[in-house]
Amino acid sequence: MLAKLALRNVRRSAKDYLVYFVTMTVVVALMFAFNSLLFSGEIQELLQESGLMDAMLGLATFFIVIIIAWLINYMLRFILEKRSREFGIYLLLGMEKKQVAHLYMRENVLLGAVAFLVGLVFGMLVQQILMAVLYSMITIEYRLNVEIKRQCVLMTALCYAGCYFLALLRCRRKLKKMNIHGLMNAERQNEEIRESHEEMKRWLLPLSVVFLILFGVWLFCWKEWDTGVVVAFLVGLVLVIYLFYTGLSAWVICYVRREGKAVYRGQNLFLLRQFASKIRTMRFTMGTLTALFVLAFLGCSTAMMFNFYQDKMLAQKMPFDIQLYSGTVEYDFAAELAVIEKNAPVEEVYSYNIYTNHTNRMNCWLYTHLRAFGDFYRNEDGSPDLWSVAQNGYQYCEYDTYMGLTDYNHLREMLGYEAVSMADDAYIIHMKDRVFRETGDFSDELLIEGSSGRLGCAGYYTEPFSQDGQNGGDYVIVVSDTEIAKMQPYYTELVADIAGEAPDGLKNEIDAVTVRKTMEFDGGNSCIGSDMIMVWAYDNLVRDNLVKEMKCMLLSMIFPLIYIGLVYLCVALTVLSIQQLGDSAKYRFRYNVLRQIGMGTREVARLVWRQLVLFYLCPALFAVVISGIIAGYVGENFNFYTGVKTPSWLYFGISFLLFFGVYSIYFVVTYVGFLRNLEIEK
């Protein structure tokens, strides 16, 4: 009999809590699809050089398991509360607590198992979509290949089952402790609004808004960020989120008490009382949902930043097909050229030197003026701290880097740029566009001397020019051939154009035959420039190989962030939907009263719409404000340190559109379900 009863209850629960069932199915599908990346032989071979995907997906799975455990525990307690009277009746009919607890466990295990199996089937489709997207982003053709690894299914099952059974055991203990009286009255515990000290609490609303504004100012204006400051900022932000809802509930209650102007307009009194009651009893949950929305927004926004970086910047970082470096100025690259010619048709090869005159005026100016370095390389009076530069200045070479005009124009021709000209007593600065946008023209503050005195600045150029330690770090100073002949060669570079795309593994083959001789002079001629967030330094650059490798590394960040964002978003929206659908039976009486006093069916449906919009928008809009401020700050700094020109608002805008799409689906399903439970036809 218990088996039949459990089966009947499962069918009823699947209908009443369809949103929860669908969400768990989607979560299982996403978990299976992303876990499959960990066990796919093709992916492991593709990503073997980055070595980041496994760690990032493992970290993402950890955070997702935590939030899924919270969702399952929340939903099981919610269902237990809604069915408490039913369980009380079971006890009145003679069932033992142990039997009731066993029945509840069996129902939820069956419901969870069905969601898991359906999720696995759906997960195979998501897996193929995920693989197709991944391959397309790294410009590799993907052929349909359904791959089900036993380890992947086992890992997904263990994560899912672990969350489920821990929540079930906790609810089982709670059920065993309750008596008939407690079960019969459990559903009523949160029906009343317990109003106490509301006049004082309402000030928490403007106070939390003020603190939110202060946190925004702090975020954009504070310069000395360290671990302690970050922790203090996050703790304060969390407190503001939770205090906001306490203040909001008290403010609405006080507004109704004072009979504000909007209270008696239309059905506002009904809506305000409903809203205040729900916020009052769910203020902690609403704060948690707001935090989940914020994390979802920020995760997706950060993923968009890395996505735009890989689309816009990777090719610009390495404009030449192949570029090789040697610290030995007479190195001929014979071994490397033999490997290149064996693997790809070579169209042009050009070898040249980067020079130095043993001055570091350009380096010192950049060390003391770029925002990336702050005050680290400055004395208290603002002058360069040469000791710090000597000890820690690895971003640039020890001395300023120079290039001859003939070499410069030849490289420009290879890249398709127009040739430039200048007088013998002049110089040109070619620097990263990101750096020039910060510095502007600073030639008046810079002393560049030639053999006959000070040279005049003939202009700046900012086209992509391979300046992450190859043609200088961030910059190279171009002087006439007459002047360059009087300088000392610093290090040697070779660039090559090849026909078609470089074969996979060419960089590894070049690295295997590279011979490096001991540098015959003092000073580091190895640098990386001032880029942050995304930094790499290689002696040998093969653009096609490295772009693919960098895209794989970036995808190792993008996919887990999207994964976390989607799961957190679905979890938060599920709680909002289930709360409203679960209360729809209680609201049925209230809406029937409204119809009995003359409100039409369309008016009732419109009132339900307004109630759901108010309940749904409250945590969502608050999260939009918080995450928008943070995403704006992060996006602005991401652009500044990487050189991406995409407007910072666009990262958040795309995330918002994604959020709105998922939000709309959950909202419509909740609205239709709510009307159905009220027995109102739209």
Side-chain angles (χ1 to χ4, degrees), residues 47 49-50 52 137-140 302-325 350 352 354 366 370 372 394-397 401 403 408 411-412 414-417 429-439 460-476 491 493-498 501-502 504 506-508 510-511 525-558 635 637-646 651:
L47 301 179
E49 292 191 15
S50 68
L52 191 61
M137 292 180 75
I138 54 179
T139 62
I140 297 179
T302 306
M304 291 302 105
M305 294 176 199
F306 286 117
N307 184 57
F308 273 94
Y309 181 87
Q310 70 149 354
D311 285 342
K312 307 293 184 182
M313 294 300 297
L314 282 183
Q316 295 184 25
K317 283 288 187 180
M318 292 167 281
F320 298 98
D321 290 345
I322 298 174
Q323 184 162 8
L324 311 179
Y325 159 88
Y350 188 72
Y352 59 96
I354 299 295
L366 293 176
L370 291 188
Y394 58 86
Q395 290 87 356
Y396 302 125
C397 298
T401 49
M403 177 182 289
Y408 180 64
L411 296 177
R412 290 182 64 88
M414 292 180 70
L415 296 174
Y417 308 151
I429 297 178
H430 194 118
M431 65 193 317
K432 292 178 181 175
D433 179 69
R434 174 190 67 78
V435 179
F436 183 68
R437 277 184 279 143
E438 180 184 356
T439 64
Y460 293 82
Y461 291 86
T462 59
E463 300 97 334
F465 201 58
S466 190
Q467 294 190 293
D468 291 297
Q470 298 82 32
N471 295 327
D474 285 353
Y475 77 94
V476 67
Y491 57 90
E493 295 281 337
L494 178 141
V495 294
D497 277 345
I498 60 174
E501 185 176 340
D504 292 339
L506 177 57
K507 179 183 179 301
N508 293 335
I510 295 174
D511 289 341
N525 54 348
S526 177
C527 61
I528 59 174
S530 63
D531 283 6
M532 295 187 179
I533 301 178
M534 295 297 301
V535 180
W536 64 82
Y538 295 100
D539 285 350
N540 300 323
L541 301 179
V542 178
R543 182 176 57 197
D544 295 329
N545 292 174
L546 285 174
V547 166
K548 189 179 297 183
E549 181 181 332
M550 290 299 113
K551 284 187 174 182
C552 290
M553 186 183 73
L554 290 169
L555 288 175
S556 299
M557 303 290 294
I558 294 170
N637 282 274
F638 183 85
N639 287 353
F640 179 81
Y641 288 116
T642 61
V644 180
K645 296 181 181 179
T646 304
Y651 306 130

With side-chain contact (heavy atoms from CB on, under 4.5 Å) as the test, would you mind laying out the steps for Asp504 and Lys548 before giving the verdict? CA-CA 9 Å; Asp504 292 339; Lys548 189 179 297 183; 2.8 Å; yes
Could you walk me through whether Lys507 and Asp511 pass salt bridge (charged side-chain N to carboxylate O under 4.0 Å, His left out), step by step? CA-CA 6 Å; Lys507 179 183 179 301; Asp511 289 341; 2.7 Å; yes
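Atom CZ of Phe640 and atom CG of Leu370 lie 7.0 Å apart (nearest 0.5 Å). Separating the CG atom in Asn637 from the CE atom in Met305 is a distance of 9.5 Å, to the nearest 0.5 Å. The distance from the CD1 atom of Ile528 to the CD atom of Gln470 is 11.0 Å, given to the nearest 0.5 Å. To the nearest 0.5 Å, the span separating CE on Met318 from CE on Met550 amounts to 6.5 Å. Summarising the geometry, atom CD1 belonging to Ile510 is positioned 12.0 Å from atom CG belonging to Asp539; distances are rounded to the nearest 0.5 Å. To the nearest 0.5 Å, atom OG1 of residue Thr646 and atom CG of residue Asn307 are 9.5 Å apart.
A distance below 6.0 Å separates the ring centres of Phe306 and Phe638.
In this structure, Tyr475 and Val435 have side chains that are not in contact, with every pair of non-hydrogen atoms separated by 4.5 Å or more. Looking at heavy atoms from C-beta onward, Met403 lies in side-chain contact with Ile354 at the 4.5 angstrom threshold.
Across all non-hydrogen atoms, the minimal contact from Ser466 to Leu541 is OG-CD1, 4.0 Å. Summarising the geometry of Tyr491 relative to Gly469, their closest heavy-atom pair is OH-O, 3.7 Å, with the distance given to 0.1 Å. Residues Cys527 and Gly472 approach most closely at SG-C, 4.3 Å, considering heavy atoms. Nearest heavy atom pair, residue Leu324 against residue Glu493, reads O-OE1, 3.0 Å. Smallest separation of non-hydrogen atoms from Asp474 and Gly529: OD1-CA, 3.5 Å. Asn545 and Leu506 make their closest contact through OD1-N, 3.1 Å (heavy atoms, listed as atom of the first residue, atom of the second, distance).
Side chains of Arg437 and Thr462: a donor-acceptor N/O pair is absent below 3.5 angstrom, by distance only.
A salt bridge links Lys432 with Asp468: at least one charged nitrogen is closer than 4.0 Å to a carboxylate oxygen.
The backbone N or O of Val495 sits nowhere less than 3.5 Å from a side-chain atom of Tyr352 that would complete a donor-acceptor pair. A donor-acceptor pair is defined here as one N or O able to donate and one able to accept, closer than 3.5 Å; such a pair exists between the side chain of Asp321 and the backbone of Ile498. Of the possible donor and acceptor atoms, one in the side chain of Arg543 sits under 3.5 Å from a partner among the backbone N and O of Pro319.
Ring orientation note: the planes of Tyr651 and Phe308 are nearly perpendicular, at an angle over 60° on the 30°/60° scale.
Among Tyr408, Phe436, Tyr460, the one residue that satisfies the ring pair (Phe, Tyr, Trp, His ring centres under 6.0 Å) test with His430 is Tyr408.
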